[in-house]
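Notes follow the structure.
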Amino acid sequence: MVLEATMICIDNSEWMRNGDYAPSRFQAQADAVNFISGAKTQSNPENTVGILTMAGKGVRVLVTPTSDLGKILACMHGLEIGGEANLAAAIQVAQLALKHRQNKKQQQRIIVFVGSSPVKHDKKQLEVIGRKLKKNSVALDIVNFGEDDEGKTEKLEALRAAVDNNDTSHIVHIPPGSDALSDVLISTPIFTGDEGGSGFAAAAAAAAAGGVSGFEFGVDPNLDPELALALRVSMEEERARQEAAAKKAAEEAGKQEQSSSQDATMTDSTSQASTKKTDLTDEENAVLQQALQMSMDEHPSGHDAQDTDMSDVAIDDPELALALQLSVQDSAKDSSGQSSDMGKLLADQSFVSSILASLPGVDPNDPSVKDLLASMQNQQSEKQDKGEEKGPKEEKK
């Protein structure tokens, strides 16, 4: 794997607003820059990449050579487009940034993106810059895209020829079309490197571009075993999670079906029990009605049955009949005695007056009260007279 420090010069001039490259020239260039930066940093952990702009208010370094891909990708957002590109100044600033790299063992490379912005420098001036790069062992790659105005392609070819040393520098001409810049650069020496370049970079490029890679997850485990292992473990965890989720869903579905069958069974049992209970109730009602009918047939009149029983007792046992007659007379005497006692109490005027006086809201001297007492005394005296008349008649019998 090549240990390399790379400075990428991007074109942000006014000519980059055109839409002949999808979605625009500048956006297509940004995608290609991100693609190359990722391939360079992943091919070797010690590789570094820096970014600078060639137009606008002047040449400006966005990121010095670094291995942090996040910084490289972040610097590409929010760039201003305007002005004209200064190719000669951009190459000289990139060479100066590579000269101050931290790891002096890294090989130096400059990648220049030249859009339709015209190259105002003449061929001789560019050749001088190329020979200076060659003297300092700096390789140069040129990506030429867009329109060819004022002999731009010829000047860029002369520059590459001046800096080339043992075919370490390259130039690629990309005409407008439906293919993205990154898709075209995959198969060029700018991306793959010298003599086939980095195999990992080519595999990563093919995977990112949607191509078919010969390695699992698009990563060669011989070049990056840690990344390949991490991807494999992540895939296994995701597969296990999906299997667990599917198993849980199947169990929940089985529980729902079982509960539905149990509810149906309980409903059937309840309906059968209610049917049996109704049948039993109907049978009991029929038995009760039959028993009631039989009892009414045997005893059509309760009083007649009792009278018959009493007469039968009197015939069979004269002593028991005499005892019953005496008990009836005693009860009559008791009632007459109670009546006579009540009459005595009503006849006692002082006792009645004291009781009435003790009642709240009752005046013993009220004429209506006196009339009520007199009527009650008359009724009691009449009852006593009737009892006395009845007594001698019974003695005579």
Side-chain angles (χ1 to χ4, degrees), residues 6-37 49-64 72-98 109-130 133 138 140-160 162-163 169-177 179-185 188 190:
T6 306
M7 283 296 298
I8 301 177
C9 305
I10 61 176
D11 188 354
N12 60 330
S13 62
E14 286 288 346
W15 285 264
M16 299 304 293
R17 299 182 186 273
N18 292 1
D20 50 353
Y21 293 86
S24 66
R25 288 183 181 178
F26 184 78
Q27 187 60 46
Q29 175 187 234
D31 294 340
V33 169
N34 294 338
F35 205 53
I36 293 176
S37 301
V49 178
I51 306 292
L52 63 82
T53 57
M54 298 189 296
K57 296 180 180 180
V59 177
R60 183 164 64 99
V61 177
L62 301 179
V63 177
T64 56
I72 300 171
L73 299 178
C75 74
M76 297 295 295
H77 294 283
L79 289 179
E80 296 180 359
I81 300 176
E84 296 181 358
N86 190 343
L87 180 60
I91 293 175
Q92 292 175 359
V93 172
Q95 180 186 1
L96 184 62
L98 291 175
R109 181 175 296 276
I110 298 175
I111 300 177
V112 180
F113 283 83
V114 182
S116 298
S117 178
V119 179
K120 295 185 177 182
H121 309 286
D122 57 15
K123 186 185 298 185
K124 292 183 178 180
Q125 186 178 0
L126 293 177
E127 289 177 350
V128 171
I129 295 174
L133 293 176
V138 179
L140 177 66
D141 292 333
I142 301 174
V143 180
N144 180 25
F145 63 101
E147 300 173 358
D148 184 10
D149 296 334
E150 299 179 1
K152 182 184 69 171
T153 303
E154 184 180 355
K155 293 178 181 180
L156 295 177
E157 287 285 357
L159 175 61
R160 187 205 69 85
V163 73
S169 298
H170 314 89
I171 185 171
V172 177
H173 304 282
I174 304 176
D179 294 335
L181 295 181
S182 57
D183 295 341
V184 177
L185 290 174
T188 62
I190 294 178

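Note that the numbering runs from 1 along the sequence shown for the chain. Since the model is a prediction, treat every value here as computed from it, not as a measurement.
Between the side chain of Asn34 and the backbone N or O of Leu73 there is no donor-acceptor pair closer than 3.5 Å. Of the possible polar contacts, one joining the Asp141 side chain to the His170 backbone as a donor-acceptor pair under 3.5 Å is found. Of the possible donor and acceptor atoms, none in the side chain of Lys155 sits under 3.5 Å from a partner among the backbone N and O of Leu126. The backbone N or O of Gly83 sits nowhere less than 3.5 Å from a side-chain atom of Lys57 that would complete a donor-acceptor pair.
For Cys9 against Ala90, the heavy-atom pair with the smallest separation is SG-O, 4.1 Å. Scanning all heavy atoms of the two residues, the minimum distance from Asp11 to Gly115 falls at OD2-N, 3.0 Å. Closest non-hydrogen pair, Glu14 versus Ile81, comes out as OE2-O, 3.9 Å. Here the closest heavy-atom approach between residue Ala85 and residue Ser13 is recorded as N-CB, 4.0 Å. When all heavy atoms of Phe145 and Lys152 are compared, the closest pair comes out as O-NZ, 3.5 Å.
When side chains are defined from C-beta on, Ile129 does not count as touching His121, because their heavy atoms never get closer than 4.5 Å. Residues Thr153 and Ile171 have side chains not in contact (no heavy-atom distance under 4.5 Å, counting atoms from C-beta outward). Contact check for Ile72 versus Ile51: side-chain heavy atoms found under the 4.5 Å cut-off. The side-chain heavy atoms of Glu84 and Asn86, taken from C-beta on, include no pair separated by under 4.5 Å. Looking at heavy atoms from C-beta onward, Tyr21 lies out of side-chain contact with Asp31 at the 4.5 angstrom threshold. Between Met54 and Leu87, the closest side-chain pair of non-hydrogen atoms falls below 4.5 Å. Using a 4.5 Å heavy-atom threshold, the side chains of Leu159 and Val112 count as separate.
Between the CD atom of Gln27 and the CG atom of Leu181 there is a distance of 11.0 Å, given to the nearest 0.5 Å. Note that CG of Leu79 is 9.5 Å distant from CD of Gln29, once rounded to the nearest 0.5 Å. The structure places CZ of Arg17 at 10.0 Å from CG of Asn12, a figure rounded to the nearest 0.5 Å. Atom-to-atom distance recorded for His77:NE2 and Leu62:CG is 12.0 Å, nearest 0.5 angstrom. To the nearest 0.5 Å, atom CD1 of residue Ile142 and atom CG of residue Leu156 are 5.0 Å apart. Atom CD1 of residue Ile91 and atom CE of residue Met7 lie 12.0 Å apart, to the nearest 0.5 angstrom.
By the 6.0 Å contact criterion, CD on Glu154 is open, its count of non-hydrogen atoms from other residues, nucleotides or ligands being 12 or less.
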* In sequence, state the C-alpha distance, the side-chain angles, and the governing distance for Leu140 and Arg160, and then conclude on side chain to side chain contact (heavy atoms under 4.5 Å, CB included). => CA-CA 7 Å; Leu140 177 66; Arg160 187 205 69 85; 5.7 Å; no

